[in-house]
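Let me begin by presenting the structure, written as C-alpha cells, before commenting on it.
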Amino acid sequence: MAPLLALVEFVVSVTVVVLVLQSLYARKLSAAGWMYATIIAVFGVILGVCLGFYFSYNPAPEVTLYSFPIPAGWKVLETYKDGSEQWVDFITPVPLMVAAANTCLIFSISIVVVWLSHWLVTRKSND
C-alpha cells in the first residue's frame, strides 16, 4: 500500500508544480517574483529532505514514526505477558521512495505558497 500511496503522492505533487509554474508564467511573474519563487522552492526542497529523510516523531510514547507526512517506517514498543518490552520495527517495502515522495510533496506545498502569495498580491492590486 505504501508504494502505491507514495506513487500517487509523487504524481499529484509533480502535477501541482507544473500547473502552478504554468500559471505563474501565464500571469507574467516579474524577475523579482521568480527570484522569490526560486528562494522559496529551495527552502521547500531543504525542508522536504529534512522531513522526508531525517525526521522522526512520537505520536504516542510507545510508537515512533520515521518520515513525514507519510511514514516510511515505524517502531512499536510491545509488552509481552512476562512483563518484558521490546521495540519492533516495521519498514515499508520502499522507504526511500516514500521519503522522496514526501520531499516532493513538501516542495509542491512551497510552490503553492508562492502561487497563493502572488495571487493575493495581484488580486489586491486589481481591486
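Below, each value reflects all heavy atoms present in this structure, side chains not excepted, and no hydrogens, waters or symmetry copies.
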Which atom pairs, one a donor and one an acceptor, fall under 3.5 Å between side chains of residues 58-66 and the rest of the protein, sequence neighbours left out?
unit_1, atom_1, unit_2, atom_2, d
N58, ND2, V63, O, 3.3
N58, ND2, T64, OG1, 2.9
Y66, OH, K75, NZ, 3.4

Following the transitive rule for hydrophobic clusters with a side-chain heavy-atom cut-off under 4.5 Å over Ile, Leu, Val, Met, Phe, Trp and Tyr, establish whether [X] and [Y] coincide in one cluster.
{"X": "L7", "Y": "V94", "result": "yes"}
{"X": "V8", "Y": "V16", "result": "yes"}
{"X": "Y57", "Y": "Y54", "result": "no"}
{"X": "Y25", "Y": "L116", "result": "yes"}
{"X": "V12", "Y": "V17", "result": "yes"}

Next on the checklist: Could you list the cluster mates of L77? Members are the ILVMFWY residues connected by side-chain heavy atoms closer than 4.5 Å, either directly or through other members.
Outcome noted: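 W87, all in the cluster of L77.
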Do [X] and [Y] have side-chain heavy atoms sitting under 4.5 Å apart?
{"X": "I111", "Y": "I40", "result": "no"}
{"X": "W74", "Y": "V76", "result": "yes"}
{"X": "H118", "Y": "R27", "result": "yes"}
{"X": "V112", "Y": "V20", "result": "yes"}

On a heavy-atom basis, which atom in [X] and which in [Y] lie closest, and how many Å separate them?
{"X": "I70", "Y": "V98", "answer": "O-CG1, 3.5 Å"}
{"X": "A72", "Y": "P95", "answer": "CB-O, 3.6 Å"}
{"X": "A101", "Y": "A6", "answer": "CB-O, 3.4 Å"}
{"X": "S67", "Y": "N102", "answer": "OG-ND2, 2.7 Å"}
{"X": "A100", "Y": "F53", "answer": "N-CZ, 3.9 Å"}
{"X": "A99", "Y": "G52", "answer": "CB-O, 3.0 Å"}

Checklist entry - For E9, which of P69, C104, S108 qualifies under side-chain contact (heavy atoms from CB on, under 4.5 Å)? => result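 When side-chain contact (heavy atoms from CB on, under 4.5 Å) is applied between E9 and each of P69, C104, S108, only P69 qualifies.
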Within the distance-only criterion (no hydrogens, no angle test), does the side chain of [X] pair as donor or acceptor with the backbone N or O of [Y] below 3.5 angstrom?
{"X": "S84", "Y": "Y80", "result": "no"}
{"X": "W115", "Y": "S23", "result": "no"}
{"X": "S117", "Y": "V113", "result": "yes"}

What is the distance from atom [atom1] of [X] to atom [atom2] of [Y], rounded to the nearest 0.5 Å?
{"X": "S13", "Y": "I106", "atom1": "OG", "atom2": "CD1", "answer": "8.5 Å"}
{"X": "I46", "Y": "S110", "atom1": "CD1", "atom2": "OG", "answer": "10.5 Å"}
{"X": "I39", "Y": "W34", "atom1": "CD1", "atom2": "CH2", "answer": "14.0 Å"}
{"X": "L24", "Y": "L19", "atom1": "CG", "atom2": "CG", "answer": "11.0 Å"}

Checklist entry - CZ of F43: more than 12 outside heavy atoms within 6.0 angstrom? => result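 Counting neighbours around CZ of F43, 12 or fewer heavy atoms of other residues, nucleotides or ligands fall under 6.0 Å, so no.
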Next on the checklist: For F90, I'd like to know if atom CZ has over 12 heavy atoms of other residues, nucleotides or ligands within 6.0 Å.
Outcome noted: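 Above 12, so yes.
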